[in-house]
There are 2 protein chains.
Amino acid sequence: SSLNAVNSYLSSVIYVLFIWAECVLYVKKVLVFFASMEWYCYALLGIITALMSFFMDMTVAKLLNAHQWLYRCLKGHHLLQFLCWTLYPACLCALSTSFAHSICPFSAGSGVPEARAILLGMDMPDYLSLSNLFAKLFGLICTLASGSTVFLGKVGPFVHLSVMVGAFMSRLHVSCRGGKQNQIEIRAAKGEMLVVASAVGVASCFGAPVSGVLFSIEVMGTHYSVRNYCPCFFAAACGAITFRLLSVCSTDQETIQALFKTSFSSDLPYQPFEIFIFVLLGLFCSILSCIYLFCHRWALRFVKTNKPISRLLATEKSLYSAIVAFLLACFTFYHSAGHFIASELTMKQLLTSLLDDTSWYSVSQNASALPEPQKTFWQAWNPPGKSYFQTLGFFITAKVGLLVVACTLPLPAGYFMPVFVYGAAVGRLVGEGSAYFLSDGISSAKSLINPGGYALAGAAAFSGAVTHTLSPALLALEMTGQCSHAVPALVATLVSNAVARAKHRPSFYDGISLIK
Amino acid sequence: SSLNAVNSYLSSVIYVLFIWAECVLYVKKVLVFFASMEWYCYALLGIITALMSFFMDMTVAKLLNAHQWLYRCLKGHHLLQFLCWTLYPACLCALSTSFAHSICPFSAGSGVPEARAILLGMDMPDYLSLSNLFAKLFGLICTLASGSTVFLGKVGPFVHLSVMVGAFMSRLHVSCRGGKQNQIEIRAAKGEMLVVASAVGVASCFGAPVSGVLFSIEVMGTHYSVRNYCPCFFAAACGAITFRLLSVCSTDQETIQALFKTSFSSDLPYQPFEIFIFVLLGLFCSILSCIYLFCHRWALRFVKTNKPISRLLATEKSLYSAIVAFLLACFTFYHSAGHFIASELTMKQLLTSLLDDTSWYSVSQNASALPEPQKTFWQAWNPPGKSYFQTLGFFITAKVGLLVVACTLPLPAGYFMPVFVYGAAVGRLVGEGSAYFLSDGISSAKSLINPGGYALAGAAAFSGAVTHTLSPALLALEMTGQCSHAVPALVATLVSNAVARAKHRPSFYDGISLIK
C-alpha cells in the first residue's frame with residue numbers, strides 16, 4: 001500500500017507539474033499577445049520608467065540621509081566633519097565616473113543631445129545598449145547621491161535611460177509580432193516608441209505628463225508626427241500616475257500630489273501691476289542665462305585646451321572627478337563658504353524653501369513661531385550675522401562658477417534641475433526685494449507680495465532661457481500642482497526666451513555640441 | 001502789423017501741419033516696419049482676437065441679460081412669458097441664419113473642418129474672405145444670444161474667425177515686407193500664420209494658452225512643423241493674457257483669474273481609490289458619446305433625405321431655423337419641461353453650478369444657509385417636488401435629443417461647449433451618486449467626495465470622446481485654474497478616448513464630413 005501511496009503521490013506531482021507548465025505556457029502566450037499590441041508596450045514603458053525613477057529617488061534619498069546622519073553625528077569635530085563632507089561626494093563622483101567609463105564610455109554627460117540625434121533618425125547602437133543602461137543608471141545614482149555639493153540633476157540622463165528602455169521595448173514588440181512586419185514598418189514603429197520614451201522620461205521624472213508631451217515635441221527639432229501625440233500622452237500619463245501612486249503607497253501621503261506641492265493663495269495670487277515685475281524678472285533671467293552660458297562654453301573650452309587638465313581627463317577621469325568634487329565640497333563646507341549659500345540643504349529642500357509662500361521679510365519679524373521644516377530652511381538662508389539678501393546674492397554669484405565647474409565632470413548627470421533651482425533663487429531674490437520695498441502690500445494689506453510665485457516664475461524663465469525651450473513654464477506649474485501663477489510663469493518664460501534666442505545665440509546643448 | 005500777425009499765424013499753422021505730416025509719415029513708417037516683423041504680427045493677431053472675443057462675450061452677456069430681464073418683468077403672465085421665452089431665440093436664430101446666408105453662405109456651421117482643410121494646404125479663398133468674417137461674427141453673436149435654449153457654443157466658429165484674421169495679418173505682413181520674398185516663402189509664412197491663428201482662437205476664447213497650442217497640434221492631423229511651436233505659444237499667450245486682462249479692467253475683479261474659477265480643496269482633492277470611479281466615469285462618457293454621435297449622424301442624414309425638410313432647408317433656411325428654435329424653446333419653457341433641466345440658467349451658470357465643490361447631498365441637508373448665487377443654482381437643479389438626481393438624469397436623457405436637433409441648424413455655431421457642459425452634467429451625476437452612497441466619507445470624515453471634481457473629469461472625458469482629442473483634459477484644468485484634479489481628468493479622458501476611437505469610429509467632425 002506504501003507503493004500505491006508513492007505512486008499516487010508521484011502521479012499527483014506530475015499532474016501538478018503538467019498544470020503548472022500549461023499555466024506558464026498560457027501566461028507566456030498572453031504576454032506575447034499583449035506585447036504584440038503597441039499600446040500595451042506604451043503602458044509598460046511608462047510603468048517601467050516610473051518604477052526606475054521611483055526606486056532611483058528612494059535609493060538616492062537613503063544615501064543622502066546616511067551622509068547627513070554621519071555629518072550630524074560628527075558635530076563638534078570640525079576636521080572629521082570636513083572629511084565627511086568632502087570625501088563622501090569625492091568618492092561617489094569617482095565611483096560614478098569609473099563605473100560609467102569602465103562599462104560604457106558613452107554613458108557620460110546628459111544624454112539629451114544624443115537622444116535627440118537618435119530620435120532624428122541617426123543610428124547609434126552604442127548609446128542604446130544594455131550595458132549603457134546599467135552604467136548610466138548606477139552612475140546617475142552615485143552622482144545624485146553626492147547631493148547639493150556637486151549640484152547636478154536627474155532629468156537629462158533619465159530621458160536617455162527612458163529612450164534606452166523604449167528601444168528595448170520596441171525590440172520586444174518586434175520579436176513578439178513575429179515576421180509580420182516589413183523593415184520600413186519596424187523602423188517607423190521604433191521611431192515612434194523612442195519619441196514616446198522621451199516624453200515618458202520627463203513625465204515620470206517629475207510626475208508631469210503634459211510637460212513630457214511638450215518636451216517630446218520640442219526635442220524633435222523640425223517635424224513632429226501627430227501620430228505620436230496620442231501614444232506620447234498615454235504613456236506619459238501612465239508613467240506620471242505610476243510614479244505618483246508609488247510615492248502614495250510608500251509614504252503616509254494620503255493621495256496623489258505634486259512633487260513640490262505649493263500652497264499659494266488662489267484668491268489673489270498677484271496684482272495685475274506685478275506682471276511688469278515678472279517681465280523684468282524674465283529680462284534679468286535672460287541676461288543671467290547669457291552670462292551662465294558664456295561661462296559654460298568658456299569652461300568647456302578651457303578644460304579641452306588646457307594641457308594638464310586635458311591630459312588628466314584623457315587618462316585619469318576618476319581622479320579628475322574626485323579632485324573637482326573635493327574642491328567643490330571644500331568651497332561648500334559650512335565653515336568655509338557653505339553657510340552663505342545654504343549648502344546644508346539638499347536640492348529638493350532648496351527648491352521647497354525657495355517656493356515657500358510666506359515672504360522672508362514677514363518671517364524675519366517673527367521667526368521663532370515657525371513650524372519645524374520651515375525653521376530649518378529659514379536658519380539655512382538666514383545664518384547668524386547675515387541677512388537673507390546677502391545669502392541669496394552670494395548664492396546667485398557663487399553658483400554660476402560652481403555650476404560651470406560641475407558641468408565639466410565626465411559622469412552621467414543632468415543639467416536641467418540645477419538651472420531650475422538657480423532660477424528659483426533669482427526669482428526669490430527679485431520677489432523678496434519687491435516684498436521688502438512694497439512691504440505694506442500694493443493696494444491693500446490683503447495684497448501682500450508672494451515671493452514664492454516669483455521663485456516659480458524665475459525657475460521657469462531661467463531654465464527656459466538656458467535650454468531655449470518653453471515647456472519649463474508648464475513644468476513649473478505641474479511640479480507645484482497649482483495654476484494660480486500660470487500667467488507670470490508664461491510671461492517670464494516668453495520674455496527670457498525671446499532675449500536668449502535673439503541673434504541665434506547657442507543654447508546649453510548647442511554649446512556642448514559646438515565645443516565637442 | 002495785423003498782416004504780420006496773420007502771416008506769422010499762417011506760417012505757424014503751416015509749420016504745425018508740416019510737423020503733423022512728418023509725424024504721420026513716421027508713425028506709418030514705424031507701423032510698416034513693425035508689421036514687416038513676424039513676431040509683431042503674431043502679437044497683434046493674439047490681441048485682435050482677444051479683443052474680438054471679449055467684446056463678443058460682452059455683447060452676448062448684455063443680450064442675455066435683456067432677455068432675462070424681460071422674462072422676469074412678465075412674471076405672472078404665463079402666455080406673455082411663453083412668447084418672450086420662445087420668440088426671442090426664434091427671431092435671433094432666424095436673424096443669424098439669414099445674416100449668414102445672405103452675406104456669405106460659407107459661414108454656417110462650426111468652421112473647424114474647413115479651417116483644418118485650409119491649414120492642411122487647401123486653397124479656399126471664400127472661407128477666408130472679409131464678408132465671411134463679418135457674417136460669421138454677427139451670426140455667432142446672435143446664436144450665442146439665444147442662450148441655453150438653443151444651447152450652442154462659441155469655440156469652433158471662433159477658431160475659424162481667428163484663422164480669417166490670421167489670413168488678413170499674413171496679407172498685411174506680405175504687403176509691408178514689399179517684394180522681398182518669393183512665392184514659396186510667402187506660402188510658408190501664410191501657413192505658419194494660420195496654424196498660429198488656430199492656437200490663438202482656442203486660447204483667447206477660454207483664456208487657456210497651452211490648450212490652444214495642443215489644439216493646433218491636434219488639428220494639423222498628420223505633421224506638425226516644430227518651427228510653429230514658439231510662435232503658437234507666444235501668440236496664444238498674448239491672446240489669453242489680453243482676454244483675461246480685459247475682464248480685469250472691465251469688472252471689479254482684482255487680478256487675472258480663470259474663466260470658470262473653482263475652489264476645490266487642494267489638501268485632499270480625492271482618495272487614490274476614487275481613480276477607479278474616474279475610470280468608470282470615462283467608460284460611461286465614452287458609451288454616451290457613441291450614442292450621441294450615432295444620433296447626430298442619424299439626424300444629419302434624416303434632415304438631408306427627408307423631402308419636406310430638405311426642401312425647406314434649400315429654400316427657406318431662416319424659416320427652418322426659426323421653427324426649430326421655437327420648438328426647442330417650447331420644450332425648454334419652464335412650465336413645460338424646462339424646470340426638469342434647469343433651463344433658466346445660462347450655459348455659463350450651468351457650468352458654474354455643475355463645477356461647484358459642495359456636494360448637493362450636503363446642501364440638501366441645509367439649503368437655506370446658502371449664499372445667493374449658489375441658492376439660485378440649487379433651486380434650478382432641485383425644483384419643488386423633484387430631487388436633483390431626477391433633474392440630472394432628465395437633463396442627460398433629454399439634452400441628447402435637443403443637442404442633436406440644434407446641430408442641424410444652418411447657422412454659425414460651435415459644438416464643443418454644449419458637449420463640455422453635457423459631460424459636466426454626466427460627471428456630476430456620477431459624483432453625486434458616489435457622494436450619496438459614500439456620504440460618510442471614504443476612510444475618514446475629512447475625505448468627503450467632491451462631485452465638482454467628477455463634473456470636471458466628466459466634461460473633459462465626454463468632450464474628448466466626442467471630438468477624439470486629448471486637449472480637453474488640459475483645457476478643463478486651465479479653464480478652472482486648478483491642477484488638483486489633473487490626474488482624474490487625464491485618466492477619464494484617456495479611457496473615454498480609447499473606447500471612442502476603437503474600431504475607427506468617426507469623430508464628430510468626421511461625421512459631418514461623412515454626411516456632407
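By convention in this document, chain letters (A, B, ...) are assigned in the order of the sequence lines, proteins followed by strands, and residues within each chain are numbered from 1.
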Taking B:Leu214, B:Val226, B:Asn228 one by one, which has the highest count of heavy-atom pairs under 4.5 Å against chain A?
B:Val226
Out of B:His223, B:Gln482, B:Arg227, return the one with the most heavy atom pairs under 4.5 angstrom to chain A.
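With the most close heavy-atom pairs to chain A, the winner is B:His223.
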Hey, does [Y] have a side-chain heavy atom less than 4.5 Å from the side chain of [X]?
X	Y	answer
B:Cys230	A:Asn497	no
A:Val210	B:Leu477	no
A:Val213	B:Ile217	no

What part of [X] is in contact with chain A, defined as an atom under 4.5 angstrom from a non-hydrogen atom: side chain, backbone, both or neither?
X	value
B:Glu478	neither
B:Arg244	neither
B:Leu494	side chain
B:Ala486	neither

What is the distance from atom [atom1] of [X] to atom [atom2] of [Y], rounded to the nearest 0.5 Å?
X	Y	atom1	atom2	value
B:Cys238	A:Leu490	SG	CG	9.5 Å
B:Thr469	A:Tyr229	OG1	OH	7.5 Å
B:Leu474	A:Phe233	CG	CZ	6.5 Å
B:Gln257	A:Leu268	CD	CG	7.5 Å

Give the member of [options] that has the highest number of heavy-atom pairs under 4.5 Å with chain B.
options	value
A:Leu245, A:Leu470, A:Val491	A:Leu470
A:Glu218, A:Lys261, A:Arg501	A:Glu218
A:Thr480, A:Ile275, A:Val487, A:Thr493	A:Val487
A:Cys483, A:Ser225, A:Gly207	A:Cys483

